[in-house]
Q: 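Before I ask anything, let me first share the structure, which is written out below as structure tokens.
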Amino acid sequence: MAPRRARKRAEGGASSNVFSMFDQSQIQEFKEAFTIMDQNRDGFIDKEDLRDTFAALGRINVKNEELEAMVKEAPGPINFTVFLTMFGEKLKGTDPEETILHAFKVFDAEGKGFVKADFIKEKLMTQADRFSEEEVKQMFAAFPPDVCGNLDYRNLCYVITHGEEKD
């Protein structure tokens, strides 16, 4: 049996370093986001910071319950390391780019690199974990089809796994 510390590391436990999950530019972007959200500059994000951040984005009257639920997602006070860890855990659930690309290629028999947006909308709303009309609108608002109604799934997969469009 492996020593306790080695076992914990192998299982991806508490001794793994969250900073090794991201490159320096990503860590800098997270730090900038954290700084923006830490409205009172105390080094922690709390309910009031979240309320102020939402207000700065134009959303006022956010329910207390909603803010409390967000803060409760963290294991304790949200400093930068906890903030980064929470993003790391969320990103762990994202499938690798190749897996997502393969799923789209199933619908692209000719290998053109795009699928019809209407077709994808219909599949998203009728299969497996069905999207609502609002969820489909949000997706297409964030990643609109081209003028011919085609969805460039290669670029979409890149955005899903890397967080920004490639040039």
Q: Using the test side chain to side chain donor-acceptor pair (under 3.5 Å), find all partners of Asn64 that sit at least two apart in sequence or belong to another chain.
A: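 Applying side chain to side chain donor-acceptor pair (under 3.5 Å) to Asn64 gives Arg51.
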Q: Can you tell me which residue pairs pass the salt bridge (charged side-chain N to carboxylate O under 4.0 Å, His left out) test with a partner in residues 35-47, sequence neighbours excluded?
A: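 Output for this query lists Lys47-Glu68.
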Q: Looking at NZ of Lys121 and CG of Asp118, how far apart are the two atoms once the value is rounded to the nearest 0.5 Å?
A: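 Separation between the atoms: 7.0 Å.
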Q: Would you say CD1 of Ile60 has more than 12 non-hydrogen atoms from neighbouring residues, nucleotides or ligands within 6.0 angstrom?
A: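 Open: at most 12 neighbouring heavy atoms sit under 6.0 Å from CD1 of Ile60.
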Q: To the nearest 0.5 Å, what is the distance between NZ on Lys116 and CG on Leu151?
A: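 Atom-to-atom, Lys116:NZ and Leu151:CG are 11.0 Å apart.
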Q: For residues 54-65, pull every pair meeting salt bridge (charged side-chain N to carboxylate O under 4.0 Å, His left out), keeping only residues two or more places apart or in separate chains.
A: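 For residues 54-65: Arg59-Glu66.
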Q: If I take atom CD from residue Glu135 and atom CZ from residue Arg130, how far apart are they, to the nearest 0.5 angstrom?
A: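 Here the rounded value is 13.0 Å.
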Q: Who pairs with Gln24 by side chain to side chain donor-acceptor pair (under 3.5 Å), at least two apart in sequence or on another chain?
A: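 Residues passing side chain to side chain donor-acceptor pair (under 3.5 Å) with Gln24: none at all.
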Q: Please assess Lys112 against Asn150 for the test side chain to side chain contact (heavy atoms under 4.5 Å, CB included), listing each intermediate value before the final yes or no.
A: CA-CA 10 Å; Lys112 294 180 180 178; Asn150 297 319; over 6 Å; no
Q: What is the minimum heavy-atom distance between Ile36 and Gln39, and which atoms define it?
A: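 Of all heavy-atom pairs spanning Ile36 and Gln39, the closest is O-NE2, 2.7 Å.
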Q: Which residues pass the ring pair (Phe, Tyr, Trp, His ring centres under 6.0 Å) test with Phe140, sequence neighbours left out?
A: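 Scan of Phe140 (ring pair (Phe, Tyr, Trp, His ring centres under 6.0 Å), adjacent residues dropped) gives none.
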Q: Identify the two heavy atoms, one from Cys157 and one from Ile100, that lie closest to each other, and give their separation to 0.1 Å.
A: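 Minimum heavy-atom separation between Cys157 and Ile100: SG-CG2, 3.2 Å.
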Q: Mind checking what makes side chain to side chain contact (heavy atoms under 4.5 Å, CB included) contact with Ser25, not counting sequence neighbours?
A: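 Side chain to side chain contact (heavy atoms under 4.5 Å, CB included) check on Ser25 returns Asp23.
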Q: How long is the straight-line distance from CZ of Phe22 back to CZ of Phe30, given to the nearest 0.5 Å?
A: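 Atom-to-atom, Phe30:CZ and Phe22:CZ are 4.5 Å apart.
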Q: Could you list all the salt bridge (charged side-chain N to carboxylate O under 4.0 Å, His left out) pairs where at least one residue sits in residues 138-151, not counting sequence neighbours?
A: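 The answer is none; no pair qualifies.
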Q: Hey, are the side chains of Leu156 and Phe104 touching, using non-hydrogen atoms and a 4.5 Å cut-off?
A: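 A side-chain contact under 4.5 Å exists here.
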Q: Test of understanding: with ring pair (Phe, Tyr, Trp, His ring centres under 6.0 Å), list the residues that count as partners of Phe107, not counting sequence neighbours.
A: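 With neighbours one apart ignored, the set is Phe119.
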Q: Counting only pairs under 3.5 Å, give me each side-chain donor-acceptor contact of residues 78-86, with atom names and distances, residues two or more places apart or in other chains.
A:
residue	atom	partner	partner atom	Å
Asn79	OD1	Thr81	N	3.1
Asn79	OD1	Val82	N	2.9
Thr85	OG1	Thr81	O	2.7

Q: Could you work out, with side chain to side chain donor-acceptor pair (under 3.5 Å) as the rule, every residue matching Lys105, not counting sequence neighbours?
A: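 Lys105 satisfies side chain to side chain donor-acceptor pair (under 3.5 Å) with no residue once adjacent residues are dropped.
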Q: In the structure I gave you, are the side-chain heavy atoms of Glu48 and Asn40 within less than 4.5 Å of one another anywhere?
A: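 A side-chain contact is absent here, since even the closest heavy-atom pair is not under 4.5 Å.
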Q: How long is the straight-line distance from CG of Leu67 back to CZ of Phe54, given to the nearest 0.5 Å?
A: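 So the CZ of Phe54 and the CG of Leu67 are separated by 6.5 Å.
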Q: Report the residues that fulfil ring pair (Phe, Tyr, Trp, His ring centres under 6.0 Å) with Phe44, sequence neighbours left out, ordered by chain and then residue number.
A: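 Partners of Phe44 under the ring pair (Phe, Tyr, Trp, His ring centres under 6.0 Å) test: none.
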Q: Under the ring pair (Phe, Tyr, Trp, His ring centres under 6.0 Å) test, which residues partner Phe114, sequence neighbours left out?
A: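 Counting only residues at least two positions away or on another chain, Phe114 forms no ring pair (Phe, Tyr, Trp, His ring centres under 6.0 Å).
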